[in-house]
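Contents: one structure, followed by commentary.
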Amino acid sequence: MDLVTISSCHGIQPTREPAFDGLFVDTAEPTLRPHLFAAKKVFYLSSRVHPGETPASHVFNGFLKFILDPNDPRAAVARSLYVFKLVPMLNPDGCKRGHYRSDSRGANLNRVYDKPDRELHPTIFATKSILLHHYFAGQLKFFVDLHGHAAKRGCFMYGNALQGQEHVDNVLFAKLVAMNSPHFDFGGCNFSEKNMFSKDKQEQSKEGSGRVATYMATGIVHCYTLECNYNTGRRMNQLAVATGEGEHADKPPYAGTPPTYSPDVLEDVGRGVALAALDIVDKNPWSRIPNSEYGSLHALRKWVQSHISNARSKSSSTVTTRAALQAARKRIAQERQQRERQQGQQRREKRSNKSRTVAVGPRRGGQAAAVASKTSPATDARGSRPQRQSAAAGAPGATRLHSRQRLHPSPKTEQRPRQLQGSPAGSPNAAGSLDKRPARSALPMARTVRVRFVCANPTNEKMRRNEMTIRSALNTTQREQSFKRHSSLEWIGTPPHLTAHSHNRHGSFFELPHL
């Protein structure tokens, strides 16, 4: 692993960094170690911990070219403020073998920062040792790990979830990168706690990543993972004009359709990261903040604070809405289950009711003729009231009809009258004909009888299709009272002389013509 140290001579001291035993090949030559610098912060930038993520190298090159530019005053200020520690390739073994995310042993090195092994993960062990050394020296300020992203479009950052003013400074750095690079997507950044401890497809927690493990070990604010897509982005930023040296300042490009990513585009993102490190301490000689909509770093910090508050309130409202949706789904599921139970109970009751029968006819054999002979002149061929009452009581050998029957014979039934159910096979039926077919079994009885009336008056549309349900139809008297109470109609025809109009799965149906 190569470790490059870049800075200016400002604040240089004659003493050098201590030798890390067994970590670097120049341990035997202490004079080859870099000098120490007074009052300078360390900016640590690493790349290619995942060998196949090549966009990281292009971003790294853009960062390196900018801080080495001898003609740019911004680069000179950056070298005077920071000591840059750069690692161009954290996983050289994986790069040589053509791996995508693993080293020569098949391990994902970006999941072992929390407990690196000196023998199994030497580059990660060395990186964390250097980070801890500069942290205990009070110098470590930035840690940025460069990656490539194959799924999510754009260039964006993953940061840690902090509290208070520290979190404002944490998000502010990403906003400053977006203000200095048209290709950086601030809206795609993620600073949630969930993104710190979630697991990847291999069930490895992000707690072992460089960003999270470094923050857990040091507590510094600016720990980031910079991700860049291989192809293109989602949007472009409209940059403000830089102040300072007029025509020497960068001219911002026009915001438009995101281009296909090239090395130049990715290098521009690396340059934006270096400029953000100047803007966050308000030391950028060609800053874009004064000409932006914010006007000053203080106002921009206020905007970031408001943005964080709005994002958290939106997140809490989203959680509340999600909880409400879950409660509504649970309530709907309970109602559906209750409705299904009720429907099942109704079906069971209907099946049990079909096992019963409604008796319609004379109560005793031969009594019907005697009753018919004593019929008064006021009674007609439809039968007397006692006869109808006795028919409802149910006599042996009487006609047994299914409930919900239409009391109107079909033409087919008139041409070929059927044998009355319950009478012996071969006996004369109600029409006086002899049906030699065997008698049907008694139809099941229901406690509900539906009668459909067809009104002869064509102007009464309401009575034309009038259906009523008569409960507990166990005798003729109750039926007649129900008829008169609901429709002022009298019982028409004697049940023994009625024939089913049609049959279906709901039973046999009759029609009663209203005279």
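Since we're looking at a predicted model, the values are computed, not measured. For the numbers below, each heavy atom of this structure counts, side chains included, while hydrogens, waters and symmetry mates do not.
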Salt bridge (Lys or Arg N to Asp or Glu O under 4.0 Å) between E267 and K65: does it pass, once the steps are laid out?
-> CA-CA 9 Å; E267 289 178 3; K65 290 179 181 178; 3.2 Å; yes
Identified side chain to side chain donor-acceptor pair (under 3.5 Å) counterpart of D185 within the set R235, K152, R153 = R235
If we only count heavy atoms from C-beta on, is the H183 to P259 side-chain gap below 4.5 Å?
-> yes
Donor on one side chain, acceptor on other, D268 and S181, under 3.5 Å = yes
Stepwise side chain to side chain donor-acceptor pair (under 3.5 Å) check, S205 with R111 = CA-CA 7 Å; S205 175; R111 294 294 182 270; over 6 Å; no
Does one side chain, of R341 or Q338, offer a donor that lies under 3.5 Å from an acceptor on the other?
-> no
Under 3.5 Å side-chain donor-acceptor pair for N190 and S192 = yes
Should V144 and T225 count as side-chain neighbours, where that means a heavy-atom distance under 4.5 Å?
-> no
Would you indicate whether the side-chain heavy atoms of N284 and R74 approach each other to under 4.5 Å?
-> yes
Cation-pi geometry met for K206 and Y158 (6.0 Å, 45°) | yes
Could you check if a side-chain atom of S292 sits within less than 4.5 angstrom of a side-chain atom of M179, using non-hydrogen atoms only?
-> yes
Quiz item: cation-pi between K175 and F173, 6.0 Å / 45° = no
Any chance CD of Q345 has more than 12 other-residue heavy atoms, nucleotides or ligands included, within less than 6.0 Å?
-> yes
Charged N to carboxylate O under 4.0 angstrom, E53 versus R101?
-> yes
Please determine, by modelled atom types, if H50 and N108 share a side-chain donor-acceptor pair under 3.5 angstrom.
-> yes
Determine, stepwise, if the pair N160 / L162 fulfils side chain to side chain contact (heavy atoms under 4.5 Å, CB included).
-> CA-CA 6 Å; N160 299 311; L162 309 181; 4.2 Å; yes
So, do H307 and N310 sit near enough that their side-chain heavy atoms are less than 4.5 Å apart?
-> no
Can you find a heavy atom in the side chain of T243 that is under 4.5 Å from one in the side chain of V241?
-> no
Checking side chain to side chain contact (heavy atoms under 4.5 Å, CB included) for the pair F184/L226: CA distance, chi angles, key distance, verdict?
-> CA-CA 10 Å; F184 185 83; L226 177 60; 3.6 Å; yes
Out of curiosity, N180 CG to R288 CZ, how far, rounded to the nearest 0.5 Å?
-> 6.0 Å
List the steps and the verdict of side chain to side chain contact (heavy atoms under 4.5 Å, CB included) for L146 and S46.
-> CA-CA 6 Å; L146 304 179; S46 62; over 6 Å; no
Candidate pair H147 and D145, rule side chain to side chain donor-acceptor pair (under 3.5 Å), full reasoning | CA-CA 7 Å; H147 288 260; D145 192 18; 2.8 Å; yes
Are the side chains of T260 and Y230 in touch, meaning some heavy atoms are under 4.5 Å apart?
-> no
Taking it one step at a time, do C223 and F142 satisfy side chain to side chain contact (heavy atoms under 4.5 Å, CB included)?
-> CA-CA 6 Å; C223 292; F142 289 95; over 6 Å; no
Going through the distances and angles, do R105 and D93 end up as a salt bridge (Lys or Arg N to Asp or Glu O under 4.0 Å)?
-> CA-CA 9 Å; R105 292 183 174 89; D93 295 339; over 6 Å; no
Output, in order, the C-alpha distance, side-chain angles, deciding distance and verdict of ring-ring contact (aromatic ring centres under 6.0 Å, His included) for F156 and H149.
-> CA-CA 10 Å; F156 50 91; H149 207 290; 5.6 Å; yes
So, N170 and Y224: side-chain donor and acceptor under 3.5 Å apart, yes or no?
-> yes
Whether F84 and F63 hold their rings parallel, tilted or perpendicular, with breakpoints at 30° and 60° | perpendicular
Polar contact flag, side-chain donor to acceptor under 3.5 angstrom, S287-D279 = yes
